[in-house]
Amino acid sequence: MKARFLGIAELTDVPDVAVVVDVMRAYTVAAWAFARGAGRVVLARSLKDALALKAGHPDWVTLKDGSPAPGFDLVNSPALLRDTDLSGRTVVQKTTAGTVGALAVKDAPLVLCASFVVAEATAGLLRARAPREVTYVVTGEGGRAEEDLACAEYIAGLAGGDAVDADPYLRRAAASRSAAELTQGVREGSTPEDVALCLELDRFPFAMAAAVEGDSLMVLRQVTRTDSPSA
Ligand SMILES: O=C(O)[C@H](CS(=O)(=O)O)OP(=O)(O)O
Ligand SMILES: [Mg+2]
C-alpha cells in the first residue's frame, strides 16, 4: 500500500482513498462526540454555514475552534466536550484545519478522518480494503504539523501490516507546536488537559468516514469493523 503525505494546499487531484489527520484537535473531538452518543458530525465549510445550519435545525449542536461565540454550543476541546451528553444529536463542526482538510477531499470515494484515538481502527479498515495508494492529508501548519504527520506515518505503518511501536510517534506529537500552545493556554477554547486526551492511543474502537450525503452536506459517521463505508 503506497502512502503519500500532503498538506491541504498540495492536493492537486482527487485521491481514491484519503485519510485526513487532525490530532489537535478536530478529529480527537469528533471521536469524543461519537463516544458521547452523537449520531453524525456535519463538517461545515464556514462559520456562516454552521450558523445557517443551526438556524434551520435548532436541535443541532454547533461546535467551533477558538473562543466561544454566539450561536455555537461547544468549543473544539475534548476535555470540555467529554462530559456532554450528545445522544442521538447531530453535531456541526467547523475548525481551522481539520474540517477544511476533509472538505478538500470531499469528492474522494473514501474519506477517513483520523487521530491517535482512532488510529488502529483506521488502519484496520485500510488493511481490510487494501487500496493501492492512500493519501494522508496532514491538515496542520501547511502539511508540516508534527502531531498530524506523526499520526499519519504511524497509521500508514500499521495499515501496511508493520508491527509499529507507537511511542516515538506519540513523543513527536507531544513535542509539537500544537501541544505546546495547548499546554500554555495560547489557544482559546482549550484546557491543558486536551493534550493528554489527544495522545490517548486507540481510546476508541471505531474509525470515522466522511461522505457527501443527499443534502450536499459533508457528513462524518463512525464506522465499526462490521460496517462498510461506501466507496
Ligand atoms: O482547535 C484547534 O486546536 C485548531 C485551531 S488552530 O488550527 O490552532 O487555529 O483547529 P483544528 O482544525 O482542530 O486543528
Ligand atoms: Mg490541528
Side-chain angles (χ1 to χ4, degrees), residues 5-11 18-35 38 41-50 61-69 72-82 84 91-106 111-119 122 136-155 169-170 172-200 203-204 208 210 218 220:
F5 303 89
L6 299 176
I8 296 170
E10 295 168 323
L11 292 162
V19 177
V20 185
V21 181
D22 193 332
V23 172
M24 297 180 191
R25 295 165 289 173
Y27 296 131
T28 300
V29 167
W32 270 99
F34 288 123
V41 176
V42 175
L43 305 175
R45 190 166 289 284
S46 66
L47 297 175
K48 193 171 153 212
D49 284 2
V61 178
T62 41
L63 184 163
K64 70 180 279 293
D65 62 356
S67 54
F72 286 87
D73 304 298
L74 298 169
V75 290
N76 193 42
S77 160
L80 297 173
L81 174 138
R82 69 175 162 167
T84 304
V91 173
V92 179
Q93 185 181 31
K94 166 70 181 86
T95 74
T96 304
T99 57
V100 175
L103 286 159
V105 290
K106 68 177 177 46
V111 179
L112 302 177
C113 294
S115 61
F116 280 112
V117 296
V118 294
T122 305
Y136 292 86
V137 183
V138 179
T139 60
E141 299 174 33
R144 281 177 293 282
E146 193 61 8
E147 74 280 13
D148 296 335
L149 189 56
C151 184
E153 290 174 358
Y154 175 65
I155 293 172
Y169 299 92
L170 290 167
R172 283 168 57 191
S176 66
R177 181 200 301 204
S178 293
E181 288 180 358
L182 289 167
T183 302
Q184 292 159 11
V186 172
R187 290 192 190 181
E188 292 183 274
S190 68
T191 81
E193 205 185 346
D194 281 345
V195 174
L197 290 174
C198 291
L199 299 178
E200 282 191 317
R203 167 87 193 215
F204 303 117
M208 301 186 291
M218 184 71 163
L220 185 63

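We count ligands from 1, going down the list as the structure has it; atoms in each ligand are counted the same way.
Within a 6.0 Å radius of CZ in Arg172, other residues, nucleotides and ligands contribute more than 12 heavy atoms.
Listed as neighbours of ligand 1 are Asp22, Met24, Arg25, Ala26, Asp65, Asn76, Thr95, Thr96, Ala97, Gly98, Arg187, each bearing a heavy atom under 4.0 Å from the ligand.
Screening Leu81, Thr96, Leu63 for a side chain to side chain contact (heavy atoms under 4.5 Å, CB included) involving Asn76 leaves a single residue, Leu63.
Ring planes of Phe204 and Trp32: perpendicular class, angle over 60° (limits at 30 and 60°).
Around the Mg ion (ligand 2), the protein N, O or S atoms closer than 2.8 Å are Asp22 OD1, Met24 O, listed by chain and residue number.
In this structure the side chain of Val105 reaches within 4.5 angstrom of the side chain of Val20, judged on heavy atoms. Looking only at side-chain heavy atoms (C-beta outward), Ile155 and Thr122 come within less than 4.5 Å of each other.
For Ala79, the side chain to side chain contact (heavy atoms under 4.5 Å, CB included) partners are Ser77, Thr191, Glu193, Asp194, Leu197, not counting sequence neighbours. Scored by the side chain to side chain contact (heavy atoms under 4.5 Å, CB included) test, Ala173 finds Phe116, Glu147, Leu199 as partners (sequence neighbours excluded).
Side chain to side chain, Ser178 and Arg25 fail the donor-acceptor criterion of an N or O pair below 3.5 Å.
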Evaluation steps, side chain to side chain contact (heavy atoms under 4.5 Å, CB included), between Asp148 and Asp22:
CA-CA 6 Å; Asp148 296 335; Asp22 193 332; 4.1 Å; yes
